[in-house]
Trainee: 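Before I ask anything, let me first share the structure, which is written out below as structure tokens.
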Amino acid sequence: VDFSTAVAIHPSGTPVPGVRTVTALPDGPPPARCVLGFKPQQLDLVAPDLAGRLSEDTVLVSMLAGVEAEELRRRFPMVGAVVRVMPNLP
């Protein structure tokens with residue numbers, strides 16, 4: 001997978017290896033894919049700003065434990081698709 005155009009939003013500014021790291025959501029067109037990978041209790045903080053930046057062309061991929069697809073659809077009604085993934089670490 002080519003991550004050369006990927007952008008990681010990391011509020012602390014700590015670099016994420018292999019991708020461009022920014023501290024806030026960058027300006028520009030809606031992303032084709034948006035991956036949610038933070039603690040589920042932060043969803044209330046993240047969703048309001050992010051929701052307005054996504055579109056029907058965006059696929060939302062969530063790794064948020066315990067957050068059902070229906071809840072993501074409610075918070076991000078404009079996205080084209082919602083996909084939930086769960087890492088399986090030993």
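The first residue in the sequence is number 1, and the count goes up from there. Note that the structure is predicted; figures quoted are calculated from it, not measured.
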Trainee: Can you give each donor-acceptor pair under 3.5 Å made by side-chain atoms of residues 33-42, sequence neighbours left out, with the distance rounded to 0.1 Å?
Mentor:
unit_1: Gln42; atom_1: OE1; unit_2: Lys39; atom_2: N; d: 3.4

Trainee: Going by the rule side-chain contact (heavy atoms from CB on, under 4.5 Å), which residues pair with Ala32 if we only count those two or more places apart in sequence or in a different chain?
Mentor: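 Scan of Ala32 (side-chain contact (heavy atoms from CB on, under 4.5 Å), adjacent residues dropped) gives none.
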Trainee: Kindly write out the residues that satisfy side-chain contact (heavy atoms from CB on, under 4.5 Å) with Ile9, not counting sequence neighbours, or none if the list is empty.
Mentor: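 Once residues adjacent in sequence are excluded, the partners of Ile9 under the side-chain contact (heavy atoms from CB on, under 4.5 Å) criterion are Val22, Leu25, Pro26.
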Trainee: Which pairs with one or both residues in residues 51-61 pass side-chain hydrogen bond (donor to acceptor under 3.5 Å, both in side chains), sequence neighbours excluded?
Mentor: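 As it turns out, there is no side-chain hydrogen bond (donor to acceptor under 3.5 Å, both in side chains) pair with a partner in residues 51-61 once direct neighbours are skipped.
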Trainee: Taking side-chain hydrogen bond (donor to acceptor under 3.5 Å, both in side chains) as the cut-off, I'd like each qualifying pair that reaches into residues 9-30, sequence neighbours left out, listed once.
Mentor: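 Sorted pair list: His10-Ser12, Ser12-Thr14.
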Trainee: Would you be so kind as to tabulate the donor-acceptor pairs closer than 3.5 Å made by side chains of residues 59-75, with sequence neighbours excluded?
Mentor:
unit_1: Ser62; atom_1: OG; unit_2: Leu64; atom_2: N; d: 3.1
unit_1: Glu68; atom_1: OE1; unit_2: Arg84; atom_2: NH1; d: 3.4
unit_1: Glu71; atom_1: OE1; unit_2: Arg74; atom_2: NE; d: 3.3
unit_1: Glu71; atom_1: OE2; unit_2: Arg74; atom_2: NH2; d: 2.8
unit_1: Glu71; atom_1: OE2; unit_2: Arg75; atom_2: NE; d: 2.6
unit_1: Glu71; atom_1: OE2; unit_2: Arg75; atom_2: NH2; d: 3.2
unit_1: Arg73; atom_1: NH1; unit_2: Val79; atom_2: O; d: 2.8
unit_1: Arg73; atom_1: NH2; unit_2: Gly80; atom_2: O; d: 3.4
unit_1: Arg75; atom_1: NH1; unit_2: Asp44; atom_2: OD1; d: 2.9
unit_1: Arg75; atom_1: NH2; unit_2: Asp44; atom_2: OD1; d: 2.7

